[in-house]
Amino acid sequence: MAYNFKEIEKKWQEYWEQNKTFNASNDFSKEKWFGLIEFPYPSGQGLHVGHPRSYTALDVIARKRRMQGYNVLYPIGFDAFGLPAENFAIKNHIHPKITTERNVANFTRQLKSLGFSFDWDREINTTNPDYYKWTQWIFVQLFKHGLAYKTTMPINFCTGCKVGLANEEVVNGVCERCGSPVVQKEKSQWMLKITKYAQRLIDDLDDINFLNKIKAQQINWIGKSEGAEVKFNLTSSNKTLTVYTTRPDTLFGATYMVIAPEHPIIKELQNSITNIDELEEYKKQASLKSEFERSELNKEKTGVEIKGIKAINPVNGKEIPIWISDYVLITYGTGAIMAVPAHDTRDYEFAKKFGLEIIPVLDGGDISSEAFTGDGIHINSEFLNGLNKQDAIDKMISWLEEKQIGAKKVNYKLRDWVFSRQRYWGEPIPMIYCEDCGWVPVPEEQLPLTLPEIEDYEPSENGESPLSKQTDWINTTCPHCGKPAKRETDTMPQWAGSSWYYLRYTDPHNDKELASKEALEYWTPVDWYNGGMEHTTLHLLYSRFWHKFLYDIGVVPTPEPYSKRTSHGMILGSNGEKMSKSKGNVVNPDDIVNEFGADTLRVYEMFMGPFDQTAAWSMESIRGCAKFLDRVWNLQDFLVDGDTYSKDFEKTMHKAIKKVTEDIEEMKFNTCISTFMSMVNEFYKVKRINKAEFSTFIQLLNLFAPHITEELWQVALGHNTTITYEKWPEYDESKTIDDEINIPVQVNGKLRANVLIPLDAEEDVVKNIVHSNEIVNRNIDGKNIVKEIYVKNKIYNIVVR
RNA sequence: GCAGGUGUGGCGGAACUGGCAGACGCACAUGACUCAAAAUCAUGCGGGAAACCAUGUGGGUUCGAGUCCCACCACCUGCACCA
């Protein structure tokens with residue numbers, strides 16, 4: 001009887017669906033486990049073979065948890081707002097809703113064909129008004145708590161998508177999505193104050209189980225630095241210029257200042273500045289450069305000196321020049337620096353180029369060739385002389401604080417989150433502008449504020465949202481004073497809906513709250529969240545921020561959304577390159593399922609390599625996995641009643657249970673599969689397997705290959721209920737240990753023989769066995785034994801001379 | 001430049017707290033079955049005639065190093081004029 005995967009897989013998929021086998025229970029008295037994968041964006045291309053890698057991994061864990069008796073929530077949904085559907089609409093004049101529905105249907109078919117144990121009754125979709133009602137509701141809460149504000153600022157503007165982007169979406173100066181150059185543009189934007197949570201986003205990482213590389217990347221991105229702010233007085237003005245520095249100890253070496261071209265003080269002092277035209281011209285040139293050009297040009301520093309005004313170094317009263325240069329960023333610190341060319345590489349370069357004074361204030365290094373950035377003893381620094389770096393920093397800070405010209409200051413690289421998009425296919429920002437009352441949120445009882453149906457999806461040339469043309473929709477009345485008012489026309493970024501979706505899974509049909517208190521109390525936090533590294537500084541950080549906010553206002557019961565976060569490696573094409581249509585190396589999961597079946601695909605994706613590392617697709621290897629499942633199928637021919645084949649055989653089983661039980665927790669799925677393969681090889685050797693062994697084996701394999709094992713369980717073994725909730729096999733530790741073991745014998749560290757010894761044998765017993773071994777004796781004959789080392793149950797080493 | 005990671009047969013990869021390097025799979029070879037092929041089953045498979053040599057390179061610690069330490073090299077990922 002051949003293994004007919006097509007028939008068998010279809011049969012059990014229908015069975016599971018009818019029986020709602022994988023639905024989470026609402027019995028909150030049981031211990032729960034909430035596993036989460038990143039819900040997909042339903043693209044027109046359908047499922048990528050990368051998706052099932054992550055989904056299978058957590059499916060394996062979810063299935064194991066069910067067998068371990070947990071109430072398991074393993075949900076699925078669609079993150080369906082986004083640009084591709086909108087761009088498709090612009091081209092083909094098909095409403096994004098239609099394409100989204102079509103794509104969701106296709107994804108659903110594909111996901112179901114792979115036998116994931118999702119609870120489909122909890123499916124969510126971010127574009128559903130019942131869902132985005134709550135996305136909007138959260139935004140309104142953010143606004144009410146002062147965490148959402150509108151401001152005009154230079155933003156990253158994608159010249160291709162004609163849309164503003166968050167810092168996180170700009171990669172190498174180009175748009176993460178379309179690859180067009182990104183330029184700076186002044187625009188009025190909704191912003192979210194993620195910076196207010198910067199410190200907590202760092203600190204609370206200590207309490208959660210994220211992979212270290214994920215923590216490191218988030219900490220790096222938030223970019224905390226400690227230093228001081230120092231006020232500099234100016235000549236011919238009573239204004240001051242404040243700088244941020246991490247090296248206040250080098251203040252005596254500050255020989256000039258540099259401010260960002262966009263620094264507002266230029267305008268404030270325009271009457272005192274004699275070369276304002278020259279400065280304006282420099283600023284203009286700088287703003288025309290895209291981020292990409294700026295970093296390309298970062299080898300050669302440029303700048304212009306501000307004429308007619310100088311700064312006064314507060315520690316020694318020296319007048320020092322002020323320059324503008326684009327190597328100082330308006331977005332970081334105060335947009336102004338004190339330049340210490342002797343001890344800062346960038347300042348050194350700039351000073352050399354423009355012939356500015358360089359005064360060393362730390363001993364060591366050679367100022368004539370490069371900046372000295374190391375530690376040393378302070379010189380030329382009056383009251384700091386003789387101190388090392390840290391002592392000098394401390395002393396200077398207290399001096400500055402005492403004189404009230406400076407203070408300790410912590411800075412972050414993290415910027416507030418640019419939250420507006422000038423696009424149609426997103427959640428409308430539920431805000432109304434009233435001439436008298438300013439920005440007023442749409443009243444909560446009027447949510448959701450639904451997207452109007454429109455015909456023209458093109459953003460306007462000046463970069464306004466397509467909604468800006470919908471005058472009927474825009475014109476409304478102020479909820480506060482009742483006067484005519486206008487709606488916000490920008491929509492939310494794609495990251496909005498995904499920032500809280502895991503909460504909705506706990507209670508997806510609730511129309512009173514985003515989820516009930518009881519459901520949140522029971523299900524959250526997510527126990528295990530797996531996703532891509534590319535979301536570490538985007539989605540993962542954003543959702544931690546939203547969650548913390550919701551915690552602060554009492555909506556969720558925990559300060560962190562996810563107790564554990566792991567990540568999967570990417571799947572590359574067979575040529576080792578990223579899969580792409582243009583390279584022609586795309587593998588369609590549908591084809592694999594057709595040719596080999598879902599179980600084979602799942603097993604292969606778990607076997608192809610370490611889960612967290614990238615792996616290249618191989619059509620040859622996948623055949624090996626198909627062959628393995630064929631061999632599993634044929635095991636039923638060896639099925640016998642009666643006892644195990646031998647004691648050793650029994651041990652093999654217990655060792656395998658132990659290995660699989662442990663490896664799954666560490667996501668070492670590849671070694672689980674190799675354990676299964678070894679087991680099958682053992683069964684084939686003796687051509688015999690009893691029912692207990694077969695059941696155990698099938699149960700372990702079920703996590704990876706649910707269809708074939710359900711068939712073997714119910715048909716070959718004759719059970720009439722699903723294998724899903726069978727108790728997870730246990731192993732007997734004592735049966736994983738051999739009574740007799742083979743240990744290597746080395747002479748001078750070189751392997752010479754193997755001897756069989758009783759487990760835990762005493763050293764003198766082993767010594768006797770070793771010394772009665774012919775090969776060993778041949779190797780030590782006529783030599784002096786200097787030393788003998790026995791490591792219990794491991795190795796015996798004889799050192800001779 | 002900063003942070004994180006990787007480097008083991010022809011290939012993907014195993015190897016617990018230092019203890020038989022190469023599990024498992026692919027490819028390949030041989031045999032059985034077959035008129036034949038495929039499939040299947042079985043056996044072999046790092047290099048070398050051997051002594052031995054082999055885990056990116058060079059040192060070190062140790063009875064013993066893929067694993068620990070030092071110095072490098074190569075590649076990947078993220079960030080990058082962050083004061």
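Source: prediction; values computed, not measured. Here is the naming used below: chain letters follow the sequence lines, and residue numbers restart at 1 for every chain.
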Could you check whether any side-chain N or O of [X] sits under 3.5 Å from a backbone N or O of [Y], counting only pairs where one atom can act as donor and the other as acceptor?
{"X": "Tyr282(A)", "Y": "Asp326(A)", "result": "yes"}
{"X": "Lys651(A)", "Y": "Ile737(A)", "result": "yes"}
{"X": "Asn634(A)", "Y": "Asp630(A)", "result": "yes"}
{"X": "Asn777(A)", "Y": "His771(A)", "result": "yes"}
{"X": "Asn313(A)", "Y": "Leu251(A)", "result": "yes"}

Are any of [X]'s side-chain N or O atoms less than 4.0 Å away from OP1 or OP2 of [N]?
{"X": "Tyr244(A)", "N": "A83(B)", "answer": "no"}
{"X": "Lys787(A)", "N": "C63(B)", "answer": "yes"}
{"X": "Thr537(A)", "N": "C79(B)", "answer": "no"}
{"X": "Arg752(A)", "N": "G64(B)", "answer": "no"}

Output the single nucleotide from [options] whose closest atom is nearest the side chain of [X].
{"X": "Asn797(A)", "options": "G64(B), G25(B), C26(B)", "result": "G64(B)"}
{"X": "Arg631(A)", "options": "C26(B), C52(B), A42(B)", "result": "A42(B)"}
{"X": "Leu329(A)", "options": "C53(B), C26(B), A83(B)", "result": "A83(B)"}
{"X": "Lys627(A)", "options": "G4(B), A83(B), C41(B)", "result": "C41(B)"}
{"X": "Leu751(A)", "options": "G25(B), C20(B), A83(B)", "result": "C20(B)"}
{"X": "Ser678(A)", "options": "C26(B), C24(B), C41(B)", "result": "C24(B)"}
{"X": "Pro610(A)", "options": "G19(B), G13(B), C81(B)", "result": "G13(B)"}
{"X": "Phe607(A)", "options": "A3(B), C52(B), G25(B)", "result": "G25(B)"}
{"X": "Ser621(A)", "options": "C26(B), A83(B), C16(B)", "result": "C26(B)"}

>> I want to confirm an ordering. Mapping Asn754(A) and Thr334(A) to their closest nucleotides on RNA chain B, which one lands closer to the 5' end?
In response: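 So the residue in question is Asn754(A).
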> Which comes earlier along RNA chain B counting from the 5' end, the contact point of Gln613(A) or that of Ile789(A), where each point is its nearest nucleotide?
Replying inline: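 Nearest-nucleotide comparison on RNA chain B picks Gln613(A).
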>> Quick check on Lys215(A): does its NZ atom have over 12 non-hydrogen neighbours (other residues, nucleotides or ligands) under 6.0 Å away?
In response: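 Counting neighbours around NZ of Lys215(A), more than 12 heavy atoms of other residues, nucleotides or ligands fall under 6.0 Å, so yes.
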> More than 12 foreign heavy atoms under 6.0 Å from NZ of Lys578(A): is that the case here?
Replying inline: no
Rounded to the nearest angstrom, tell me the gap between atom [atom1] in [X] and atom [atom2] in [N].
{"X": "Gln746(A)", "N": "C20(B)", "atom1": "CD", "atom2": "C1'", "result": "8 Å"}
{"X": "Met677(A)", "N": "A14(B)", "atom1": "CE", "atom2": "P", "result": "14 Å"}
{"X": "Met533(A)", "N": "U6(B)", "atom1": "CE", "atom2": "C1'", "result": "14 Å"}
{"X": "Tyr684(A)", "N": "A32(B)", "atom1": "OH", "atom2": "C1'", "result": "17 Å"}

Using the [atom1] atom as the reference point in each nucleotide, state the distance between [N] and [M] in Å, no decimals.
{"N": "A51(B)", "M": "C2(B)", "atom1": "P", "answer": "48 Å"}
{"N": "G4(B)", "M": "U8(B)", "atom1": "P", "answer": "22 Å"}
{"N": "A50(B)", "M": "U62(B)", "atom1": "C1'", "answer": "30 Å"}
{"N": "A36(B)", "M": "C52(B)", "atom1": "P", "answer": "47 Å"}
{"N": "G22(B)", "M": "A15(B)", "atom1": "C1'", "answer": "9 Å"}
{"N": "A71(B)", "M": "G25(B)", "atom1": "P", "answer": "41 Å"}
{"N": "A42(B)", "M": "C33(B)", "atom1": "C1'", "answer": "11 Å"}
{"N": "U67(B)", "M": "A21(B)", "atom1": "C1'", "answer": "11 Å"}

Sugar-phosphate only, base, or nothing, as touched by [X] at under 4.0 Å among non-hydrogen atoms:
{"X": "Val799(A)", "value": "sugar-phosphate"}
{"X": "Asn742(A)", "value": "base"}
{"X": "Gly624(A)", "value": "sugar-phosphate"}
{"X": "Lys794(A)", "value": "base"}

>> Can you tell me how the ring of Tyr790(A) sits relative to the ring of Tyr796(A), calling it parallel under 30°, perpendicular over 60° and tilted otherwise?
In response: tilted
> So, Arg631(A) and Glu682(A), do they make that salt bridge, N to O below 4.0 Å?
Replying inline: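 Looking at Glu682(A) together with Arg631(A), the answer is no, because their closest N to O distance does not fall below 4.0 Å.
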> If you measure from the Lys or Arg side-chain nitrogens to the Asp or Glu carboxylate oxygens, is any gap between Glu349(A) and Lys301(A) under 4.0 Å?
Replying inline: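 Lys301(A) and Glu349(A): salt-bridged.
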> Where does G7(B) land, syn or anti, once you apply the within-90°-of-0 test for syn?
Replying inline: anti
> Under the salt bridge (Lys or Arg N to Asp or Glu O under 4.0 Å) criterion, do Glu733(A) and Lys658(A) qualify, and how do the steps go?
Replying inline: CA-CA 8 Å; Glu733(A) 189 70 48; Lys658(A) 181 181 158 105; 3.0 Å; yes
>> Could you check whether the side chain of Lys301(A) and the base of C81(B) have a donor-acceptor pair of N or O atoms closer than 3.5 Å, going by distance alone?
In response: yes
>> Within residues 668-676 of chain A, which residues have any heavy atom lying less than 4.0 Å from an atom of RNA chain B?
In response: Lys668(A), Asn670(A), Thr671(A), Ser674(A)
> How would RNA chain B look in dot-bracket form, 5' to 3', counting Watson-Crick and G-U wobble pairs with both distances under 3.5 Å and writing | for bases paired to another strand?
Replying inline: (((((((..(((......[....))).(((((.......))))).((....))..(((((..]....))))))))))))....
>> Using the side-chain hydrogen bond (donor to acceptor under 3.5 Å, both in side chains) definition, which of the options Thr245(A), Thr250(A), Asp249(A) pairs with Arg247(A)?
In response: Asp249(A)
